[in-house]
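Computation of the quantities below employed the complete heavy-atom set of this structure, encompassing side-chain atoms and omitting hydrogens, waters and symmetry-equivalent molecules. Keep in mind the model is a prediction, meaning the values are calculated, not measured. A, B, ... follow the sequence lines: proteins, then strands. Residue 1 opens every chain.
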Amino acid sequence: MIQKPRGTRDFLPEEMERRRAVEKRMRDVARCWGYREVCTPEFEELELFTARSGEGIIEEMYVFEDKGGRMMALRPEITAAVQRMYLNEARVTPKPLRWCYFADCFRYERPQKGRYRQFWQFGVELIGADTPVADTEVVMLARDLLQSSGVSFTLQIGHLGFMKALLSDMELKEQRILRRYLDKKDFDGLKGHLNAGGREDLYDSLTRLLECRSLDEITEITGKIPEHGRIEETLDLLDEMAVEYSLNPGIARGLDYYTGMVFEAFAYNLGAENQILGGGAYRLSHLFGGDDVPSSGFAIGFDRVMVSLGDSAGEPERVVGIVYTPEGKSHALRVARVFREAGLRTEIDIMGRNIGAQITHASKSAQFVAIIGKREQESGTVTLKDLNSGEQRELDLSSAVREVVTSGPRG
RNA sequence: GCCAGGGUGGGGUAGUUGGUUAUCCUAGGGGACUGUGGAUCCCCCGACCCGGGUUCGAGUCUCGGCCCUGGCCCCA
């Protein structure tokens with residue numbers, strides 16, 4: 001038998017309903033903040049992603065040659081595509097642009113808990129704004145989105161300016177190596193590398209920087225960096241808006257195009273892959289041949305959020321089963337239509353079962369059955385049976401609909 | 001790419017030192033049954049991940065692969 005591809009998943013209706021419910025809550029939050037949805041192609045020219053991240057990522061992507069001999073890649077993330085789209089389509093749109101997306105991405109990696117080869121990201125990009133309030137907005141939106149999903153998380157905020165200030169006289173390549181040691185908390189490796197480069201003077205300040213949890217502590221080590229005022233204002237605003245976060249100057253965010261504030265969120269019970277959000281301020285479009293535009297944004301690992309939420313069942317949907325005898329068939333079809341017009345999920349027997357078997361079947365998903373036989377057909381009524389209580393009454397059609405609509409969700 | 005543990009009907013399971021026709025539950029389909037059966041009774045469907053090897057004989061032992069679950073690496 002043919003299996004699904006490695007690292008992919010099938011979603012049955014129950015799980016899709018849970019996913020859609022969370023997705024809807026996130027969409028509603030984004031909409032209230034003024035972030036409107038955009039959509040980019042599922043695949044792009046390979047160069048879009050290598051320009052951003054280097055040739056190394058080819059091994060971790062789905063890359064293919066199309067019939068015209070072009071090298072293409074299934075998108076491994078969305079930010080680059082949104083920036084490309086901005087340059088292609090929206091350069092002259094009034095700033096700021098507030099965009100969001102919910103889209104699947106593909107990475108050719110070894111699957112493990114919370115890591116799949118096809119996965120979904122909910123993300124936002126704020127393009128053309130470069131102020132403390134803009135920084136505050138994306139962080140607050142990140143917080144609101146995660147909260148709306150119901151997941152438990154911690155938020156960490158950092159800024160690349162701190163480490164840059166300490167390493168300002170070093171080459172970019174060298175800075176990157178040191179950041180990696182720090183990110184891995186490999187202090188022996190860090191020390192060795194610094195000693196080899198004759199910069200053992202930096203060891204103390206770098207490791208102390210990672211311990212800092214307040215701007216004052218950081219400033220003692222780095223001095224007042226150029227962005228100090230802006231960072232201070234952003235953090236003050238976040239405090240005023242009661243956003244819970246911890247300051248973490250160690251956040252490095254792998255890539256070079258991040259320019260200022262960076263932040264990440266982590267969930268519990270996720271094992272090794274517990275990061276559920278990452279983002280920051282960046283400048284990317286010059287890599288694609290456009291004018292640079294200050295941007296910031298983040299992406300939520302939607303699947304990880306769902307894993308962290310677990311199987312906690314959402315509210316079950318109200319379902320009505322239409323049960324009928326052969327004499328009641330035409331009336332039953334009309335009744336079903338009325339229930340559907342009231343917005344209720346309504347299912348009718350199409351297996352030719354007898355009444356008892358119909359009730360048996362309906363009870364697997366429905367909370368109510370409407371029983372229709374010769375008597376109801378003649379009087380234009382329905383017999384509504386509440387499957388939870390077992391009670392039933394013969395009602396006129398509109399009363400029956402009202403009864404179901406006003407009933408609470410299944411208890 | 002590396003390490004550990006796994007893979008028996010759709011789901012969950014039993015399977016002894018290698019030995020008849022592979023166990024049970026559940027789900028699914030059919031029938032009896034024609035206004036209550038959210039039943040009951042009867043019947044049916046349906047599995048040893050794939051491929052080599054050892055053996056008279058492999059679900060069971062062995063090797064390789066695939067896949068799953070974790071972890072490492074990586075992480076945009």
Applying salt bridge (Lys or Arg N to Asp or Glu O under 4.0 Å) to A:Asp291 and not counting sequence neighbours gives none

Which pairs count as ring-ring contact (aromatic ring centres under 6.0 Å, His included) when at least one residue sits in [range], sequence neighbours excluded?
range: residues 130-159 of chain A; value: A:His159-A:Phe162
range: residues 317-365 of chain A; value: none
range: residues 167-192 of chain A; value: A:Tyr181-A:His193

Of the listed B:U36, B:U34, B:G29, the closest approach to the A:Pro326 side chain comes from B:U34

Applying side-chain contact (heavy atoms from CB on, under 4.5 Å) to A:Ala51 and not counting sequence neighbours gives A:Phe288

For [X], answer base if it contacts any base atom (sugar-phosphate contacts may also be present), sugar-phosphate if it contacts only those atoms, and nothing otherwise; contact means non-hydrogen atoms under 4.0 Å.
X: A:Thr79; answer: nothing
X: A:Glu273; answer: base
X: A:Arg180; answer: sugar-phosphate
X: A:Gly278; answer: nothing
X: A:Glu376; answer: base
X: A:Gln392; answer: base
X: A:Arg9; answer: nothing

Contact check, residues 135-148 of chain A vs RNA chain B, heavy-atom distance under 4.0 Å, returns none

Side chains of residues 270-277 of chain A: which donor-acceptor partners sit under 3.5 Å, not counting sequence neighbours?
from	atom 1	to	atom 2	distance (Å)
A:Glu273	OE1	A:Arg304	NH2	2.8
A:Glu273	OE2	A:Arg115	NH2	3.4
A:Gln275	NE2	A:Leu277	O	3.0

**Item:** Distance test, side-chain N/O of A:Thr360 to OP1/OP2 of B:G37, below 4.0 Å
**Value:** no

Can you tell me how far [atom1] in [N] sits from the matching atom in [M], rounded to whole Å?
N: B:G29; M: B:G46; atom1: P; result: 16 Å
N: B:U55; M: B:C74; atom1: C1'; result: 46 Å
N: B:U23; M: B:U13; atom1: C1'; result: 9 Å

Those residues that, when tested against [X], pass side chain to side chain donor-acceptor pair (under 3.5 Å) (two or more places apart):
X: A:Thr154; result: none
X: A:Thr325; result: A:Glu327
X: A:Glu200; result: none

Should A:Glu394 and A:Arg375 count as an ion pair when the cut-off is N to O under 4.0 Å? yes

Identity of whatever pairs with [N] - Watson-Crick or G-U, under 3.5 angstrom:
N: B:G1; value: B:C72
N: B:G46; value: none
N: B:U34; value: none

For the residue pair A:Asp239 / A:Tyr245, report whether a side-chain donor-acceptor contact shorter than 3.5 Å exists. yes

**Asked** Under 3.5 Å, is there a donor-acceptor pair between the A:Tyr35 and A:Glu137 side chains?
**Response** yes

The answer to which of A:Lys385 and A:Gly114 contacts RNA chain B further toward the 5' end, by nearest nucleotide, is A:Lys385

Residue pair A:Ile372/A:Met61 against RNA chain B: nearer the 5' end by closest nucleotide is A:Ile372

Under 3.5 Å, which N/O atoms of the protein pair with N/O atoms of nucleotides 66-69 of chain B?
from	atom 1	to	atom 2	distance (Å)
B:C68	OP1	A:Gly7	N	3.1
B:C68	OP2	A:Arg6	NH1	2.5
B:U69	O4	A:Arg110	NH2	3.2

Between protein and nucleotides 31-33 of chain B, what N or O pairs are separated by less than 3.5 Å?
from	atom 1	to	atom 2	distance (Å)
B:C33	O2	A:Asn354	ND2	3.1
B:C33	N3	A:Asn354	ND2	2.5

